[in-house]
Amino acid sequence: MVQANKVVNNQPLSFFKSVLVGAIIGLLIISFFVFGVDEPNPEWGKLWKIKPLIITPLAGAAGGVFFYFIDLMASRGMNRTVSVLLGIFGFIVALWLGTVLGLNGTMWD
């Protein structure tokens, strides 16, 4: 009788990979809003794009850190489905808060 070797991948994601993916997603989302403005309000100032382009990717990176720690808990015995759903929810909340903070005073009133 021959047993098949099953490979189970329970190793968590890399910390830096999670942070980088979160920051890139945040940058892509905020770029869609910021670079889509044809005529900005003159009250916003000349460099109004800098604030959202810094804050939102940082919030995305923080969401990536949250996802990393939830994924780490899954590799230590937490239910995998629950951990992925909780990680995605936390990432979305962090990204939403970063978008609101980044666009506060300009596009978000």
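For the single chain, residues carry numbers from 1 onward in sequence order. Computed over heavy atoms, backbone and side chain alike; hydrogens, waters and symmetry mates excluded. Model, not experiment: these values are computed from the prediction.
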query: Does the side-chain contact (heavy atoms from CB on, under 4.5 Å) test come out yes or no for L85 and R80, once each step is laid out?
result: CA-CA 9 Å; L85 291 175; R80 187 80 177 157; over 6 Å; no
query: What distance do I25 atom CD1 and L95 atom CG have between them, rounded to the nearest 0.5 Å?
result: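 Atom-to-atom, I25:CD1 and L95:CG are 7.5 Å apart.
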query: Is there a donor-acceptor pair under 3.5 Å between the side chain of T56 and the backbone N or O of L27?
result: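 Side chain of T56 to backbone of L27: no pair is present.
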Test side-chain contact (heavy atoms from CB on, under 4.5 Å) applied to [X] - qualifying residues, sequence neighbours left out:
X    : value
F69  : V65, L72
D38  : none
L101 : I55

message: Any non-hydrogen side-chain atom of V21 less than 4.5 Å from a side-chain atom of F67?
response: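 A side-chain contact under 4.5 Å is absent here.
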field: Validation row: T106, N41 side chains within 4.5 angstrom (heavy atoms)
entry: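 They are not in side-chain contact.
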task: Identify the heavy atoms of V37 and W44 that sit nearest to each other, and give their distance.
output: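 Looks like CG1-CZ3, 4.4 Å.
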Closest approach of A94 to A59 (non-hydrogen atoms, all atoms of both residues):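 Here A94 and A59 meet closest at O-CB, 3.4 Å.
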query: Shared ILVMFWY cluster between M107 and L97, side chains joined below 4.5 angstrom?
result: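 Looking at the clustering, L97 is in the same group as M107.
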task: Among Ile, Leu, Val, Met, Phe, Trp and Tyr joined by side-chain contacts under 4.5 Å, find the other residues sharing a cluster with L28 and list them by chain and number.
output: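 Via sub-4.5 Å side-chain contacts, L28 links to L20, I24.
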task: List, by chain and then residue number, the residues other than I70 in its hydrophobic cluster (Ile/Leu/Val/Met/Phe/Trp/Tyr, side-chain heavy atoms under 4.5 Å); write none if there are no others.
output: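 Members other than I70 - counting any ILVMFWY side chain reachable under 4.5 Å - are F66, M73, M78, V82, L86.
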Can you give the donor-acceptor pairs under 3.5 Å from side chains of residues 46-54 to other protein atoms, not counting sequence neighbours?
from : atom 1 : to   : atom 2 : distance (Å)
K51  : NZ     : N104 : O      : 3.1

